[in-house]
Amino acid sequence: MVYNITLLFLLIFSFPIPHLGNSVYVAIVLALIKLVYKRRVGLLAKMLLKGYPNRLIIYTIGLILICMFFTIMSGAFEFSRTYAIVSLLVGVISTIIVYSSLNMKIAGEESPERLMEKMIVYVFVVQAVISIASFVSPAFKSIVSNFQFDEEANIADKFYTGIRGLAMSGRLYFEYAATCGLVTIFQIKRIINDGSLSIGSIVILLLIVVCGFFAGRTSMIGLGIGIGFLMLSKTTVRYKMRFIFKFLLVMFAGIGLIMIAVPSQILDFINEHLIPWVFDLFLKYMDSGSTDGSASFNRLNEMYDEVVITGHEWIIGSGKYTEPSGRYYGHVDAGYLRQLLYWGLIGTLISVTYTLKLFKLSWKAAKGIYNQRLFILTILAYTFVVHYKGDLLSICRFYYVVIFLYLLSIWQTYRQTKNCMRSNS
């Protein structure tokens, strides 16, 4: 399990390692060494050349070619979005390589799918502990900053001192926050599947929520949609109420422990800076009955209200994703607007189709399993909601690597189930 968690941490968070390079490439090297040692290179070759993993590669290559076509057809010849999807392809391939080296047959685990859910959650728990330690200890934070890209770390120091940029991660803001929200939903699913509301499982959920606090307010959407998933799931009303009760009980107990154990200086910073920033939208609404005082939320909505999209851009876009200055085309960073301005409604439909195609096998594998299909719909709904804030669909490697890992585990579970049925027939 330690090997699995280590490689997944290196793969998912994609951070720089001094003198070694990006952690993703370190993960790939370690995975290839194990595959050669265990004589499992043939397994990797099969995954890359046929079956569902190969389809992930083909879908992404197709998306790259379509992206190139749109920008060339528009005469823009601006390939920044194409490069971003090439990075997504690197994410697909690196995920397949790492996945093929993992030990997915651990005693006591029901299936590769359940094991992957656990490992993804544990990886983010480790990151949560790192973020909390960085928040509490400036000395530890200075060590962690060595494993961040300079540009990302500088933004944290300049604008979010002590609040954001505390993780050992290549991405520290929107993409990271969105992924924390996604993993929050994973943990809620794990609790529902286990059927037992242990204190430990609730603490893990809260740790991931806290991890999201240090990434961005977007992560809170994951908690809200995760609670919605709980309420719609096929479990008893009593279980749902117990879930909410235990969650609140552990949360308030944790707050009480923090108030007792944390030094007053840190506690003052939490009250004066962290909480007002995390709950900005809610606090503004409670104070005035309106969200007008929330600058970030209002600016996002203003982008959707003020942007000018030509008839040509509505259909096939401009083919431009960024401007020569490096800013996003149209000076907007809202997800749906960025895709509309780049490749119009046609390209946006292709982008949505790409994500839906990824989940086709998992939907088929969940036939007749209500909670599993509800979970898939919840992930999709969360992705489409968060995409309102920033460009996530069919481009965000950081976010999609977690999805790729989970989908590969479903594929492996589905294959094992089918082979078992054949052997019993």
Do you know which two heavy atoms are closest between [X] and [Y], and how far apart they sit?
| X | Y | value |
| --- | --- | --- |
| Tyr414 | Ala365 | CD1-CB, 3.6 Å |
| Ala178 | Thr218 | CA-CG2, 4.3 Å |
| Leu35 | Ile97 | CD1-O, 4.2 Å |
| Cys180 | Ile208 | O-CG2, 3.7 Å |
| Gln339 | Arg81 | NE2-NH2, 3.2 Å |
| Thr322 | Ser80 | OG1-OG, 3.1 Å |

Pair [X], [Y]: side-chain N/O donor-acceptor within cut-off below 3.5 Å:
| X | Y | result |
| --- | --- | --- |
| Thr348 | Tyr342 | no |
| Glu113 | Ser409 | no |
| Tyr336 | Asp391 | no |
| Gln412 | Arg415 | no |
| Tyr321 | Thr71 | no |
| Ser131 | Ser134 | no |

Taking the side chain as C-beta and beyond, is there a heavy-atom pair between [X] and [Y] under 4.5 Å?
| X | Y | result |
| --- | --- | --- |
| Leu407 | Tyr52 | yes |
| Phe174 | Val386 | yes |
| Leu20 | Tyr25 | no |
| Asn22 | Ser14 | yes |
| Pro112 | Tyr99 | yes |

Practice prompt. Check the pair Lys189 / Ile192 against side chain to side chain contact (heavy atoms under 4.5 Å, CB included), numbers first and verdict last.
Written response: CA-CA 5 Å; Lys189 176 182 184 286; Ile192 293 172; 5.7 Å; no

Is the [X] ring parallel, tilted or perpendicular to the [Y] ring (thresholds 30°, 60°)?
| X | Y | result |
| --- | --- | --- |
| Tyr354 | Tyr400 | tilted |
| Phe135 | Phe214 | tilted |
| Tyr176 | Phe398 | perpendicular |

Worksheet entry | Spatial distance of atom CG (Leu63) from atom OG (Ser351) [nearest 0.5 Å] | 6.5 Å

Practice prompt. Mind running side chain to side chain contact (heavy atoms under 4.5 Å, CB included) on Ile191 and Leu230 for me, showing each step along the way?
Written response: CA-CA 10 Å; Ile191 294 172; Leu230 167 70; over 6 Å; no

Fill in: Stepwise ring-ring contact (aromatic ring centres under 6.0 Å, His included) test for Tyr370 and Phe375
CA-CA 9 Å; Tyr370 173 84; Phe375 178 66; over 10 Å; no

Discussion item. Check for me whether the distance between the ring centres of Tyr406 and Phe186 falls short of 6.0 Å.
Written reply: yes

Discussion item. Check for me whether Arg338 meets the cation-pi criterion with Trp343, that is, NZ or CZ under 6.0 Å from the six-membered ring centre and within 45 degrees of the ring axis.
Written reply: no

Worksheet item: Are there more than 12 heavy atoms of other residues, nucleotides or ligands under 6.0 Å from atom OH of Tyr3?
Response: yes

Practice prompt. Step by step, work out the side chain to side chain contact (heavy atoms under 4.5 Å, CB included) result for Val144 and Leu166.
Written response: CA-CA 7 Å; Val144 169; Leu166 305 177; over 6 Å; no

Discussion item. Determine whether Ile12 and Phe124 satisfy the following criterion, side chain to side chain contact (heavy atoms under 4.5 Å, CB included), listing intermediate values before the conclusion.
Written reply: CA-CA 10 Å; Ile12 291 172; Phe124 276 78; 4.1 Å; yes

